[in-house]
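Below is one structure; the comments refer to it alone.
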There are 2 protein chains.
Amino acid sequence: MEKQNYTRDNMADLLRAHDINPTHQRIEIAYALFARQEHLSADQIMTIVNDRHSETSKATVYNTLNLFKQHNLIREVIVDPSKVFYDPNTGPHHHFFNLETGELIDIDAGDVQIQGLPALPAGMVTEGVDVIVRIRPSNA
Amino acid sequence: MEKQNYTRDNMADLLRAHDINPTHQRIEIAYALFARQEHLSADQIMTIVNDRHSETSKATVYNTLNLFKQHNLIREVIVDPSKVFYDPNTGPHHHFFNLETGELIDIDAGDVQIQGLPALPAGMVTEGVDVIVRIRPSNA
DNA sequence: AAATGGATTAGACAAAGTCCAAATTCTAGG
DNA sequence: CCTAGAATTTGGACTTTGTCTAATCCATTT
């Protein structure tokens, strides 16, 4: 179901499939997100990508993440008041948000049903529905 | 059902009922939120409270909002990546989020049912569930 | 190899929010 | 009424996240 091996070559193909010119930096950023399959902040991505020798500037990280988002390659997750997370999973899904650690855990949307939402205001359409289950350790 | 008249005197009582010492500044901030029954950012509250003659510093606005939150008088709403909104409605409810304008509209949680959520990770309890319906004008 | 246009860069900038020591205000006791 | 101590507020420096811009770099085409 999921493509299991994420190589840098795969990333180039993936970018092209989304009409994105695969440059060095873009491949590295995509690789950071997809190889890990984790929710990362721009800052974390910066650190990962520049781990050994500095390669990619802050501006490029932000530019690239926004570009990926526009081309539906990744998704923004807004749960932490201080920073945005980027999610390589663009399929419909929701999140557990660990209030203690800031960790995010995916919830497949396939099983989740939401009923009883009121009608939308006139002239509006739904862009998406996010469910965030805020959780914390029981011994807190 | 809802207390319809929010006066500054009421605010003092409300604060006391939540074990908060009702000071001048705190009353004004509570009044700004409750009289309007709107979702406001810290910045908007700053502006409202200091409209005529400057009364309240930035530090106090932030301190006070966090204090209110800790005492369950108001709630944070995290939907806009750039700022936190504060919501005087602490009852269970969800939100429409207008992506064009940034406007938030309450959805009463009474009618909404969510089914099929997976079991929580071991040792975790739910603190709350937020549903955000992102909407936009249909002619966009 | 020159031209063209897209991509990247450094660094200045902006906005949200935090922190802290000093100043102010409040309260209770005398 | 006066004052000591506690609680609250304040200004301003600071941090962090993210944006912007003009200059530079690079890849491709001819």
Side-chain angles (χ1 to χ4, degrees), chain A residues 8 11-12 14-16 18-33 39-50 53-71 73-87 99 102 104, chain B residues 8 11-12 15-16 18-33 39-50 53-71 73-87 102 104:
Chain A
R8 285 177 175 77
M11 288 304 104
L14 181 61
L15 293 181
R16 271 185 285 263
H18 286 256
D19 288 315
I20 297 168
N21 194 358
T23 68
H24 217 345
Q25 289 88 337
R26 288 172 181 172
I27 288 169
E28 286 303 314
I29 291 171
Y31 184 68
L33 275 163
H39 308 78
L40 299 173
S41 67
D43 192 51
Q44 290 174 308
I45 291 167
M46 252 308 250
T47 305
I48 291 169
V49 166
N50 290 329
H53 26 295
S54 187
E55 294 180 336
T56 306
S57 72
K58 183 167 63 151
T60 297
V61 170
Y62 280 100
N63 285 344
T64 300
L65 290 171
N66 283 320
L67 186 73
F68 285 3
K69 181 180 62 173
Q70 279 159 29
H71 288 252
L73 185 59
I74 63 175
R75 192 165 91 165
E76 271 184 359
V77 184
I78 318 286
V79 276
D80 187 312
S82 73
K83 64 186 102 187
V84 173
F85 284 100
Y86 293 90
D87 189 342
L99 292 161
L104 280 169
Chain B
R8 285 178 174 75
M11 288 303 104
L15 293 182
R16 270 184 285 262
H18 285 256
D19 288 315
I20 298 169
N21 194 359
T23 67
H24 221 342
Q25 288 91 334
R26 289 171 181 172
I27 287 169
E28 286 304 315
I29 290 171
Y31 184 69
L33 276 163
H39 307 80
L40 300 174
S41 66
D43 193 51
Q44 291 174 308
I45 291 167
M46 254 303 254
T47 305
I48 292 168
V49 165
N50 291 329
H53 26 297
S54 187
E55 294 179 335
T56 305
S57 71
K58 184 167 61 149
T60 297
V61 170
Y62 281 100
N63 285 344
T64 300
L65 290 171
N66 283 320
L67 186 74
F68 286 3
K69 181 180 61 172
Q70 280 158 30
H71 288 250
L73 185 59
I74 63 175
R75 193 164 90 162
E76 270 183 357
V77 184
I78 318 286
V79 275
D80 187 313
S82 73
K83 64 188 102 186
V84 173
F85 285 100
Y86 293 90
D87 188 343
L104 280 169

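In what follows, chains are A, B, ... by sequence order, proteins preceding strands, each numbered from 1.
- Closest approach of L33(B) and Y86(B) over heavy atoms only: CD2-O, 3.5 Å.
- Qualifying side chain to side chain donor-acceptor pair (under 3.5 Å) partners for T60(A), counting only residues two or more places apart in sequence or in other chains: S57(A).
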Anything under 3.5 Å between a protein N or O and an N or O of nucleotides 5-7 of chain C, put it in a table, one pair a line.
from: dA7(C); atom 1: OP1; to: R26(A); atom 2: NH1; distance (Å): 3.1

Using nucleotides 12-14 of chain C, report all nitrogen or oxygen pairs with the protein that are shorter than 3.5 Å.
none

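- Here I48(B) pairs with A32(B), R36(B), L40(B) under the side chain to side chain contact (heavy atoms under 4.5 Å, CB included) rule; sequence neighbours left out.
- Phosphate contact (OP1/OP2 of dT9(C), side-chain N/O of T60(A), threshold under 4.0 Å): present.
- When each of P81(B) and S57(B) is assigned the nucleotide of DNA chain D with its nearest heavy atom, S57(B) is the one assigned upstream, toward the 5' end.
- Minimum interatomic distance between I78(A) and P81(B) (heavy atoms only, all atoms of both residues): CD1-CB, 3.8 Å.
- Remark: L104(A) engages H39(A), V77(A), V79(A), F85(A), H95(A), F97(A) in a side chain to side chain contact (heavy atoms under 4.5 Å, CB included) (not counting sequence neighbours).
- Within the 4.0 angstrom heavy-atom criterion, only backbone atoms of the sugar-phosphate kind lie near N66(A); the bases stay farther away.
- Taking atom NE2 of residue H24(B) and atom C1' of nucleotide dC26(C), one finds them 13 Å apart after rounding to whole Å.
- Scanning residues 41-49 of chain B for heavy-atom distances under 4.0 Å to DNA chain D yields an empty list.
- The side chain to side chain contact (heavy atoms under 4.5 Å, CB included) check on I27(B) picks up R8(B), M11(B), A12(B), L15(B), P22(B), with sequence neighbours excluded.
- N63(B) places its CG atom 18 Å from the P atom of dT24(C), with the value rounded to the nearest Å.
- Residues passing the side chain to side chain donor-acceptor pair (under 3.5 Å) test with S41(B), sequence neighbours excluded: Q44(B).
- Take S82(B) and apply the side chain to side chain contact (heavy atoms under 4.5 Å, CB included) test, not counting sequence neighbours, and it matches D80(B).
- With rounding to the nearest 0.5 angstrom, the CG atom of N63(A) is 11.0 Å from the CD atom of Q25(A).
- We find that OH of Y62(A) is positioned 15 Å from C1' of dA10(C), with the value rounded to whole Å.
- For I45(B) against L65(B), the heavy-atom pair with the smallest separation is CD1-CD2, 3.8 Å.
- Summary of the strand contacts: A59(A) and A59(B) both lie near DNA chain C, and taking for each the nucleotide with the nearest heavy atom, the more 5' one is attributed to A59(A).
- Rounded to whole angstrom, the span from the CD1 atom of I20(A) across to the P atom of dT8(C) amounts to 11 Å.
- The salt bridge (Lys or Arg N to Asp or Glu O under 4.0 Å) search around K69(B) returns E76(B), not counting sequence neighbours.
- Applying the salt bridge (Lys or Arg N to Asp or Glu O under 4.0 Å) rule to E55(A) yields no partners; only residues at least two apart in sequence or on another chain are considered.
- Atoms CG and CD1, from L73(A) and I20(A) in turn, are 5.0 Å apart once rounded to the nearest 0.5 Å.
- The span of DNA chain D lying next to chain A, judged by atoms under 4.0 Å from heavy atoms, is bounded 5' to 3' by dT17(D) to dC20(D).
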